[in-house]
Number of protein chains: 2
Amino acid sequence: MADSTKASNAASPASARTVRRRASITDVAKAAGVAVGTVSNVLNKPDRVLPATRERVEAAIAELNFVRNGSARQLRAGTLTSVGVVVLDLSNPFFTDVARGIQDRLERDSFTLMVAGSDEDLDRERRYLRLYEEHGVQGVIVSPATDDIDHVLAVRERGTAVVLLDRPSPVPEVASVAVDDVAGGRLAVEHLIAQGHERVALLNGPHTIRQCRDRREGAAAAMTDAGLDPEVALEEITVPSLTPDGGEAGIRELLALPAAARPSAVFCVNDLVALGVLRTLRRDGVAVPEEIAVVGYDDVTFAAELATPLSSVRQPTLELGTRAADLLFRPEGSAPEQVVFSPELVIRESSTTSPLEAGSP
Amino acid sequence: MADSTKASNAASPASARTVRRRASITDVAKAAGVAVGTVSNVLNKPDRVLPATRERVEAAIAELNFVRNGSARQLRAGTLTSVGVVVLDLSNPFFTDVARGIQDRLERDSFTLMVAGSDEDLDRERRYLRLYEEHGVQGVIVSPATDDIDHVLAVRERGTAVVLLDRPSPVPEVASVAVDDVAGGRLAVEHLIAQGHERVALLNGPHTIRQCRDRREGAAAAMTDAGLDPEVALEEITVPSLTPDGGEAGIRELLALPAAARPSAVFCVNDLVALGVLRTLRRDGVAVPEEIAVVGYDDVTFAAELATPLSSVRQPTLELGTRAADLLFRPEGSAPEQVVFSPELVIRESSTTSPLEAGSP
DNA sequence: ATGAAAGCGCTAACAA
DNA sequence: TTGTTAGCGCTTTCAT
């Protein structure tokens with residue numbers, strides 16, 4: 001990758017580097033020849049102050065390049081008009097779509113949204129949560145990386161609104177918005193069984209992640225219901241990461257098996273993983289769905305447009321987000337809600353040769 | 001979308017709703033029978049304090065569920081170990097990949113990253129920037145929505161480190177990391193011309209966005225170089241949004257033209273738009289690339305795996321991010337840098353029927 | 001090693 | 001309408 005770096009060396013004049021302390025409200029007051037309270041009023045209740053003085057103050061503000069110190073402001077005021085979100089993976093369209101839903105809803109009340117990604121790491125999740133809390137956000141929406149959510153509950157205990165995202169709340173006092181992942185896993189595998197598959201590989205993430213565990217449970221249940229023994233019929237492969245590359249690694253493991261011993265279908269825990277699987281199968285010349293059928297999860301934007309359009313379990317991302325945002329600000333005394341959406345299977349070519357039967361776009 | 005809402009109505013016992021003020025350091029001090037200064041030391045320089053007292057303090061902290069108030073802390077300490085990022089669009093994989101690059105790099109110094117999306121809206125950009133600044137982040141990385149970046153420069157003026165993302169800095173004092181978009185636009189259109197196309201439609205965003213303007217400029221330059229008149233040969237269509245739906249709207253406008261009057265190739269300002277174009281063309285039964293060739297921009301993960309693999313201009317996303325993070329923390333006196341990466345064209349089927357010639361995946 | 005106290009910048013309550 | 005002042009929770013001298 002060519003990369004031209006031209007350091008502009010017009011060494012900044014000494015003056016520009018002067019250590020200029022950020023102007024405070026006191027400086028402004030002094031410059032405008034008024035009291036600090038007046039400046040504060042100009043900032044917060046401009047009508048309380050005479051147009052003439054206001055102008056002088058505003059001039060001083062512009063002159064000194066004043067920006068209100070949020071920490072001080074908040075120290076006084078208590079809390080901030082922003083909310084923090086921690087999702088599992090910022091590069092997963094599923095989560096960014098949810099984030100968009102949250103933002104849409106929050107915008108209405110002119111709240112601001114800060115997002116962080118934990119990459120399924122508990123420590124990082126804790127750090128961000130703490131950061132948000134220390135800085136006094138109004139609320140946090142978090143999609144927990146593991147079952148250990150004591151730290152999340154603690155945040156709520158200390159008085160910050162909390163909504164669990166993509167995970168049903170284990171305790172009644174905490175609101176949550178989730179999609180039934182057991183149902184989703186079941187949908188996917190029921191469909192594969194209906195297509196005649198008797199052994200299915202599940203490319204899954206670690207079971208510390210609830211979504212992964214639940215989707216597996218649903219998959220296994222579908223097997224059992226169909227009279228198949230999950231122990232035999234469901235071959236779980238744990239991918240190194242929930243990404244296309246992870247999917248590639250997973251499917252390679254499968255392809256290493258002798259063709260006879262190999263499941264005829266793959267259920268991927270998300271569409272990113274499925275993308276890697278499809279990519280690898282195509283490169284290796286394995287026909288989808290004839291030799292191996294594939295089903296993904298999330299129904300991301302591009303799922304329908306892939307070389308082999310990908311069957312996928314769809315989740316109502318936007319609603320997840322808007323609903324989560326809603327729950328954050330329920331009136332003080334109201335009981336927290338546990339919202340559970342139902343997923344939907346979208347059948348496309350990757351899992352069926354016959355003309356699409358149902359639920360297709 | 002079925003949606004079962006079970007409000008858990010075990011109306012929380014009054015006690016649980018008690019308005020319990022968050023415990024402060026003073027409360028802890030009181031509970032532990034020490035001075036506030038000592039508590040502070042336990043928090044910040046634990047070795048300065050006798051193990052015995054430390055334990056007592058720690059017990060009190062646990063007991064009271066104490067969380068340090070970040071605002072107060074920061075008010076005293078000055079600045080925070082976090083940086084803020086504002087990107088144009090959180091749902092664009094290009095930007096989330098860049099964000100990941102930033103986060104990777106920042107992690108090393110255990111900084112935390114907060115991300116916000118402006119959706120190409122100047123006001124929103126301003127709001128987030130101000131929020132970050134007011135809360136004293138160490139630095140901000142912004143991909144500006146418009147040419148008006150006075151507010152960004154002002155942030156720097158006031159002493160917060162600033163790096164412009166995906167946009168060369170117009171002033172030498174501000175660091176920037178960008179990719180040459182003129183070159184990118186040129187690459188795309190040169191390629192289309194080489195494929196024999198004499199009229200190209202450009203599905204573009206508003207020219208207030210620099211990336212859109214530059215890519216167009218490159219496209220036009222390629223035309224001129226080839227002896228074509230851009231006025232005639234380059235048909236620009238402004239899409240309502242830089243998304244698949246925007247792409248659909250744009251291409252429909254094109255399809256409405258009589259086939260003879262219609263350009264034989266489409267250059268999309270990003271891959272999301274291109275996705276919508278491909279989707280629409282497929283639904284309408286228009287052959288790609290035979291009837292209409294398509295080139296996108298960004299080379300997102302799924303570009304290679306689409307029904308018609310998408311030719312696209314690739315940008316070094318991760319490096320963009322890591323480099324931006326690097327620039328944020330150059331030593332005090334060092335001259336700001338303007339980093340410009342070069343894009344690369346990845347040719348796939350969507351723009352050529354002949355076997356791939358170069359730069360393919 | 002610990003305590004006492006000043007003060008960061010702001011808002012709100014009160015006084016003038 | 002404007003000025004004065006207390007105090008938010010914390011860190012950091014400076015004493016002890």
Side-chain angles (χ1 to χ4, degrees), chain A residues 19-58 60-61 64-81 130-131 133-137 158-160, chain B residues 19-58 60-61 64-81 130-131 133-137 158-160:
Chain A
V19 200
R20 186 183 34 228
R21 195 178 44 78
R22 228 163 99 161
S24 82
I25 203 173
T26 323
D27 301 328
V28 175
K30 212 162 294 174
V34 300
V36 288
T38 307
V39 179
S40 175
N41 278 336
V42 171
L43 258 25
N44 303 310
K45 343 184 150 145
D47 6 284
R48 280 225 203 312
V49 44
L50 234 43
T53 33
R54 183 179 358 166
E55 267 169 43
R56 254 183 321 140
V57 171
E58 269 158 1
I61 288 181
L64 296 178
N65 224 329
F66 167 75
V67 176
R68 171 157 67 183
N69 180 324
S71 308
R73 175 185 172 69
Q74 196 192 329
L75 177 56
R76 203 63 260 268
T79 186
L80 194 57
T81 78
R130 175 156 287 250
L131 184 76
E133 188 184 6
E134 287 188 353
H135 286 83
V137 296
R158 288 181 219 110
T160 303
Chain B
V19 200
R20 185 184 35 229
R21 196 178 45 77
R22 226 162 99 161
S24 82
I25 202 173
T26 324
D27 302 327
V28 176
K30 213 163 293 173
V34 299
V36 289
T38 307
V39 179
S40 175
N41 279 334
V42 170
L43 257 26
N44 303 309
K45 346 189 147 140
D47 5 286
R48 279 224 205 311
V49 46
L50 235 42
T53 31
R54 183 181 356 168
E55 268 169 41
R56 253 185 320 143
V57 172
E58 270 157 1
I61 288 180
L64 296 177
N65 225 331
F66 167 76
V67 176
R68 167 159 70 186
N69 180 322
S71 309
R73 173 186 173 69
Q74 195 191 331
L75 177 56
R76 204 68 256 276
T79 185
L80 195 57
T81 78
R130 175 155 287 252
L131 184 77
E133 188 184 5
E134 287 188 352
H135 285 84
V137 297
R158 289 180 218 110
T160 302

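Side-chain atoms are counted along with the backbone in the values below, which use heavy atoms only and exclude waters and symmetry mates. Given the structure is predicted, the values throughout are model-derived calculations rather than measurements. Protein chains get the first letters and strands the later ones, always in sequence-line order, with residue 1 at the start of each.
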Criterion salt bridge (charged side-chain N to carboxylate O under 4.0 Å, His left out) on A/Arg158 and A/Glu133, from CA distance to verdict: CA-CA 9 Å; A/Arg158 288 181 219 110; A/Glu133 188 184 6; 2.7 Å; yes
Between atom CD1 of A/Ile25 and atom NZ of A/Lys30, what is the distance when rounded to the nearest 0.5 Å?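 Atom-to-atom, A/Ile25:CD1 and A/Lys30:NZ are 12.5 Å apart.
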When you check the phosphate oxygens OP1 and OP2 of [N], does a side-chain N or O of [X] lie under 4.0 Å from one of them?
| X | N | value |
| --- | --- | --- |
| A/Arg73 | C/dG9 | no |
| B/Arg68 | D/dT11 | yes |
| A/Asn44 | C/dT11 | yes |
| B/Lys45 | D/dT11 | no |

List in numerical order all residues of residues 31-39 of chain B for which some heavy atom is under 4.0 Å away from an atom belonging to DNA chain C.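 DNA chain C contact set from residues 31-39 of chain B: B/Gly33, B/Val34, B/Ala35, B/Val36, B/Thr38.
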Of the nucleotides [options], which has the atom closest to the [X] side chain?
| X | options | answer |
| --- | --- | --- |
| A/Ser40 | D/dT12, C/dA1, C/dT11 | C/dT11 |
| B/Ile25 | C/dC8, D/dC10, D/dT2 | D/dC10 |
| B/Thr53 | C/dT2, D/dG7, D/dT11 | C/dT2 |

Please tell me which of B/Asn41 and B/Ala72 maps to the more 5' nucleotide of DNA chain C, matching each residue to the nucleotide holding its nearest heavy atom.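 Mapping each residue to its closest nucleotide by heavy atoms, the 5'-most match is B/Asn41.
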Rounded to the Å, how far apart are A/Arg76 CZ and C/dC10 P? 13 Å
